[in-house]
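Input: a single structure, listed below in structure tokens.
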Amino acid sequence: MSLHPPILAPSILAGNHSNLAESIEIVADAGLRWVHLDIMDGHFVPNLSFGPQMVAALREVSDLFFDVHLMLDEPHRYVDDFARAGANLISIHIEPHYPIAETLEKIRALGCQNGIVLNPGTPADTILPHLAEVDLVLVMTVQPGFGGQSFRHDALDKIGQIDRWRRERSLKFRLEADGGVDAQTAPLCKEKGCDTLVAGTAFFKAEDRLKFAAKIEEAPND
Ligand code: DX5
Ligand code: ZN
């Protein structure tokens with residue numbers, strides 16, 4: 001029995017960057033409630049995307065749940081800006097050196113849900129000290145920085161391990177996978193305990209987005 005109903009959060013990184021408002025509308029028109037916003041600083045990852053000003057502009061035109069994924073070396077310097085811009089959930093990586101516990105607490109104090117993220121090469125147990133204090137754990141299933149990469153199957157054991165800890169400790173955080181998630185790989189993540197799936201390329205390139213969304217959001221035992 002899954003703890004939460006499955007949610008698909010399309011990443012607008014794969015949307016139309018000359019008209020992201022339209023990309024957000026495409027997500028809402030597919031009957032979805034979440035959208036994933038990838039924020040990159042050119043340091044923690046070798047790419048740049050967009051900042052709080054863009055998030056605030058999108059908030060003006062959308063009521064969707066904004067799942068904001070900060071790929072930044074110094075996320076603690078920006079959480080206020082993203083909360084003010086209208087983020088509903090802000091997730092921060094475990095890898096860089098900054099006050100992680102304080103930043104997770106601050107995100108909640110700002111009225112948002114918080115999340116902790118691990119890269120493919122980061123062992124699951126690094127997040128153990130924070131597990132009881134998060135609303136979401138995001139397991140990267142590609143090396144972050146770019147959309148359109150292939151799903152890393154070696155991340156599946158890590159997802160399973162984190163799901164076991166969640167059950168053993170009666171915790172309620174959502175468990176999210178991000179990178180290379182499509183109609184083939186989403187069921188593998190769900191089998192291991194994921195209830196939240198990010199998909200950029202697979203969603204925006206789907207022939208029938210409504211059908212794709214319905215397939216990802218169907219309960220595992222349907
Ligand atoms: C990678 C981002 C992902 C990415 C997913 O750095 O965090 O959200 O955009 O894109 P796809 O689904 O194309 O792998
Ligand atoms: Zn992401």
Side-chain angles (χ1 to χ4, degrees), residues 6-17 20 23-24 26-27 30 32 34-52 54-55 58 64-73 75 78-79 82 87-96 107 112-122 127 134-156 158-159 174-190 194-207 209 212-213 215-217:
I7 281 184
L8 169 62
S11 167
I12 55 161
L13 194 63
N16 173 4
H17 285 240
L20 286 176
S23 301
I24 292 251
I26 288 173
V27 174
L32 298 167
W34 281 40
V35 64
H36 186 81
L37 305 175
D38 285 305
I39 314 297
M40 305 182 184
D41 68 353
H43 290 269
F44 180 66
V45 289
N47 197 7
L48 296 156
S49 56
F50 44 82
M54 177 68 85
V55 175
L58 294 173
L64 290 178
F65 185 95
F66 281 7
D67 171 27
V68 176
H69 173 194
L70 299 185
M71 284 161 272
L72 312 177
D73 260 337
Y78 299 97
V79 292
F82 284 101
N88 298 100
L89 184 151
I90 300 176
S91 53
I92 55 176
H93 274 258
I94 189 79
E95 295 86 5
I107 293 169
C112 299
Q113 294 182 36
N114 67 16
I116 192 80
V117 194
L118 318 81
N119 279 343
T122 305
I127 61 163
V134 294
D135 300 303
L136 176 138
V137 172
L138 168 50
V139 177
M140 290 308 302
T141 43
V142 298
Q143 188 63 23
F146 299 91
Q149 304 181 70
S150 301
F151 182 85
R152 296 209 17 185
H153 288 78
D154 56 351
L156 288 169
K158 189 163 24 178
I159 293 170
R174 278 190 165 270
L175 185 47
E176 182 175 56
D178 181 9
V181 174
D182 59 21
Q184 281 71 47
T185 56
L188 308 176
C189 297
K190 283 158 84 175
C194 275
D195 44 54
T196 312
L197 289 310
V198 177
T201 308
F203 174 78
F204 282 100
K205 288 208 167 19
E207 254 172 57
R209 295 194 188 100
F212 177 77
K215 182 173 168 48
I216 304 293
E217 290 202 341

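Every number for a ligand or one of its atoms is a count from 1 in the order of the listing.
Rounding to the nearest 0.5 Å places CD1 of Ile94 at 7.0 Å from CD1 of Ile127. Rounded to the nearest 0.5 angstrom, Ile216 CD1 and Lys190 NZ are separated by 6.0 Å. For the atom pair CZ of Phe82 and CG of Asn88, the computed distance is 14.0 Å after rounding to the nearest 0.5 Å. Between the OG1 atom in Thr141 and the CG atom in Asp154 there is a gap of 10.0 Å [rounded to 0.5 Å]. Going from atom CG of Asn47 over to atom CG of Leu13 covers 7.0 Å, rounded to the nearest 0.5 Å. If you take NE2 on His17 and CD1 on Ile12, they are separated by 6.5 Å, rounding to the nearest 0.5 Å.
Ligand 1 places these atoms under 4.0 Å from at least one heavy atom of Thr201: 11 (P), 12 (O), 13 (O). Below 4.0 Å from some heavy atom of Leu13 lie the following atoms of ligand 1, by number and element: 9 (O). Which parts of ligand 1 touch His36 is read off a 4.0 Å heavy-atom cut-off, strictly below it: atoms 8 (O). For ligand 1 and Gly148, the ligand atoms under 4.0 Å from any heavy atom of the residue are 11 (P), 13 (O), 14 (O). Counting atoms of ligand 1 from 1 in the listed order, those under 4.0 Å from a heavy atom of Met140 are 7 (O). For ligand 1 and Pro144, the ligand atoms under 4.0 Å from any heavy atom of the residue are 6 (O). Residue-ligand proximity, His69 to ligand 1, at heavy-atom distances under 4.0 Å covers atoms 7 (O). Listed by number with element, the atoms of ligand 1 under 4.0 Å from a non-hydrogen atom of Ala199 are 12 (O).
Among all protein heavy atoms, the one lying closest to atom 12 (O) of ligand 1 is Gly200 N, 2.7 Å. What sits closest to atom 3 (C) of ligand 1 on the protein, heavy atoms only, is Asp178 OD1, 2.9 Å. At the shortest separation from atom 14 (O) of ligand 1 among protein heavy atoms lies Gly180 N, 2.8 Å. Considering only non-hydrogen protein atoms, atom 6 (O) of ligand 1 sits nearest to Gly145 N, 2.7 Å. Here the heavy atom of the protein found nearest to atom 10 (O) of ligand 1 is Gly147 CA, 3.7 Å.
The N, O or S atom of His69 lying closest to the Zn ion (ligand 2) is ND1. Looking at Asp38, its N, O or S atom nearest to the Zn ion (ligand 2) turns out to be OD1. Looking at Asp178 and the Zn ion (ligand 2) together, the shortest N, O or S contact belongs to OD2.
The neighbour count for His43 NE2, taken as heavy atoms of other residues, nucleotides or ligands under 6.0 Å away, does not exceed 12.
With a 4.0 Å cut-off on non-hydrogen atoms, Phe146 touches ligand 1 through its backbone and not its side chain. Contacts between Asp38 and ligand 1 below 4.0 angstrom, taking non-hydrogen atoms only, involve the side chain exclusively.
Side chain of Arg209 to backbone of Phe204: a donor-acceptor contact under 3.5 angstrom is found. Ser11 places no side-chain N or O within donor-acceptor distance of the main-chain N or O of Ala199, the cut-off being under 3.5 Å. Side chain of Asp41 to backbone of Phe44: a donor-acceptor contact under 3.5 angstrom is found.
Look at Ala14 and you'll find every heavy atom at least 4.0 Å from all atoms of ligand 1. Using 4.0 Å as the threshold, Ala202 has no heavy atom nearer than that to any atom of ligand 1. At a 4.0 Å cut-off, at least one heavy atom of Met71 sits close enough to ligand 1 to count as contact.
The minimum heavy-atom distance between Val27 and Trp34, with the atom names listed, is CG1-O, 3.5 Å.
Test His36, Met140, His69 against Val198 for side-chain contact (heavy atoms from CB on, under 4.5 Å) and you get one pass: His36.
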Carefully, step by step, assess Ile7 and Phe65 under the rule side-chain contact (heavy atoms from CB on, under 4.5 Å).
-> CA-CA 11 Å; Ile7 281 184; Phe65 185 95; over 6 Å; no

